[in-house]
Amino acid sequence: MNAFSLFNYWIVIILMMAGFYTVIASGNLVKKIVGLNIFQTSVFIMYISMGKVIGGTAPIVTVNSELYSNPLPHVLILTAIVVAVATTALGLSLVIRIKEAYHSIEEDDILAISQREDEAE
Amino acid sequence: MLAITAIAVVRFRRLFTVVMLFGIYSLLSAMIFVVLDAVDVAFTEAAVGAGISTVLMLATLVTTGRHEKPPRHHPLLPLAVVTVTGAGLIWGTLDMPGFGNPADPVHHHVADRYVIESPREIGIPNMVTSVLASYRGYDTMGEVIVVFTALMGVLSLIGIRRQRKQSTPPPENSATRRPYPVLQVMAILLIPFIILFALYVQFHGDYGPGGGFQAGVIFAAAIILYTLNFGLDDAMLLAPPKVVLRLSALGVLIYAGTGVVSMLNGGNYLDYNALSHDPLQGQHFGILVIELGVGITVAAVMIAIFFAFAGKTEKQ
């Protein structure tokens with residue numbers, strides 16, 4: 001065990017925090033979705049890096065290899081990526097609807113508009 | 001490098017730049033997946049993250065505008081929250097097992113069985129495919145249904161624009177209808193190969209990296225390339241939305257139906273051993289069929305979502 005053996009987790013955490021920061025600090029809804037995607041990708045990288053075995057090869061059976069990386073995280077992440085794009089599409093379509101309703105995708109503007117509407121009622 | 005790109009994404013305020021950088025970020029992470037032996041995953045990430053997500057985000061930007069307003073709050077509070085959370089997580093990793101050690105707990109429990117037994121039990125070389133389609137067949141069916149549900153959500157939110165009536169022909173101005181002849185010729189040259197490649201990935205997923213998810217996305221990319229070059233109306237003639245929607249449901253039906261057929265043959269739900277008198281042949285057949293179902297659904301859902309976004313964009 002050396003100092004670099006946990007390096008993969010640290011990269012994952014840096015990415016995850018970058019995504020998290022975008023989600024909470026940015027007022028723009030499209031950028032929030034991008035941040036959410038970065039967060040997601042960091043989780044993907046965490047799983048895949050956990051599945052790696054040093055000296056192993058891709059988990060496809062070949063004659064000249066005995067050691068394979070772990071196929072289970074690959075399966076989980078493979079399906080997660082496709083679901084991620086589907087949910088991203090859903091999020092983006094929500095953004096489009098919000099734009100139509102409020103003519104803005106900035107969080108502050110939307111809050112101001114809906115407050116004004118509440119007061120008018 | 002990935003971290004640098006991610007931070008650049010956070011910093012830039014011009015959303016167009018942000019989205020393009022996000023595409024680069026996806027491509028970089030796909031490369032990392034190759035290095036980490038996850039070829040199937042890299043394949044998917046390159047096609048989905050760098051291809052389809054970027055196109056969808058660009059389509060959204062057309063409707064919503066390109067610039068982010070400067071934030072009104074001071075970024076210090078979120079930054080503090082993020083730093084504290086990050087520090088906590090790093091402290092948590094100190095107990096984690098080191099990178100790439102074969103003795104890690106992740107690599108045992110069920111994973112051993114998948115690596116050692118799957119070539120004999122399922123009879124196909126690609127372990128990822130055999131785990132995906134056979135051992136964890138229920139999960140994958142759930143994922144396909146989630147993708148299908150997301151399509152339903154998108155359609156109920158923005159819907160697909162109806163085709164223009166033939167009685168009101170679009171302006172036959174050749175300058176606006178055929179703006180980029182070079183791109184169009186290139187697209188015509190590329191599209192058959194993309195579709196051929198998608199089919200190869202679909203049916204060769206047992207032996208090499210690939211499978212229904214990847215093939216579906218690549219197939220959808222071919223249609224999207226066509227739409228980008230020839231306009232939505234022509235693309236809707238090529239792949240009518242009605243047919244696409246039916247296909248997306250058909251894929252789920254094929255998957256779920258395979259389970260029912262194996263039950264009728266005396267096995268459990270999604271137990272492919274019952275599909276044929278020879279269990280190995282049954283597994284092979286079952287995986288091929290459900291991968292086909294996955295491929296059809298994913299391709300149809302991606303095309304339909306793209307049509308919905310593109311229709312929104314053209315209306316503006």
Side-chain angles (χ1 to χ4, degrees), chain A residues 1 5-11 13-15 17-18 20-22 24-28 30-31 34 37-38 41 45 48-54 56-61 68-72 74-75 77-79 81-83 85-90 92-97 99 105-106 108, chain B residues 2-3 6-7 9-10 15 18 22 29 32-33 36-41 44-45 48 52-53 56 60 63-64 68-69 71-72 75 78 82 85-86 89-90 93 96 98-100 102 106-107 111 114-115 119 125-128 131-132 136 140 143 146-147 150 153-154 157-158 213 298 305 312:
Chain A
M1 181 110 153
S5 65
L6 295 173
F7 185 64
N8 59 328
Y9 297 114
W10 297 341
I11 288 292
I13 289 169
I14 291 173
L15 292 179
M17 289 306 114
F20 187 37
Y21 176 79
T22 319
I24 58 178
S26 161
N28 186 293
V30 174
K31 206 166 164 191
V34 173
N37 268 303
I38 291 176
T41 316
I45 294 174
I48 299 297
S49 67
M50 277 176 164
K52 166 78 177 167
V53 176
I54 287 180
T57 61
I60 296 172
V61 177
Y68 301 105
S69 287
N70 190 346
L72 185 57
H74 298 185
V75 175
I77 297 312
L78 176 61
T79 47
I81 290 178
V82 178
V83 171
V85 73
T87 47
T88 305
L90 192 62
L92 289 174
S93 61
L94 275 172
V95 170
I96 290 183
R97 290 293 290 181
K99 168 78 176 176
I105 53 165
E106 300 289 334
D108 296 336
Chain B
L2 202 59
I7 289 166
V9 170
V10 179
L15 289 175
V18 169
F22 179 70
S29 55
I32 287 184
F33 292 150
L36 293 173
D37 292 344
V39 275
D40 282 274
V41 181
T44 321
E45 176 70 29
V48 166
I52 307 247
S53 310
L56 290 183
T60 314
T63 34
T64 56
E68 182 191 13
K69 283 189 184 164
R72 237 172 272 171
V82 164
T85 324
L89 284 173
I90 287 185
T93 61
M96 297 290 276
F99 173 73
V106 225
H107 302 308
Y114 292 151
V115 174
N126 188 348
M127 294 174 210
V128 175
V131 176
L132 177 90
R136 305 191 70 89
T140 311
E143 309 275 7
V146 168
V147 171
V154 170
L157 281 168
I158 55 180
F213 284 105
V298 170
I305 288 179
K312 239 1 189 208

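Numbers restart at 1 for each chain; the letters A, B, ... are given by sequence-line order, proteins then strands.
Both the backbone and the side chain of B:V154 come within contact range of chain A, judged by heavy atoms closer than 4.5 Å. Contacts between A:T88 and chain B at a heavy-atom distance below 4.5 Å involve the side chain alone, from C-beta outward. Within the 4.5 angstrom heavy-atom criterion, only side-chain atoms of B:V146, from C-beta onward, approach chain A.
Note: A:I81 CD1 to B:I52 CD1 = 13.0 Å, rounded to the nearest 0.5 Å. Taking CD of B:E45 as the reference point, atom OG1 of A:T41 lies at 5.5 Å (rounded to 0.5 Å). One distance of note links CD1 of A:I96 with CG of B:L157; it measures 9.5 Å at 0.5 Å rounding.
When every heavy atom of B:S53 is checked against every heavy atom of A:V85, the shortest pair comes out as OG-CG2, 3.7 Å. Contact detail for B:L56 and A:A89: the closest heavy-atom pair is CD1-CB, 3.8 Å.
The most heavy-atom pairs under 4.5 Å with chain B, out of A:L94, A:I77, A:I48, come from A:I48.
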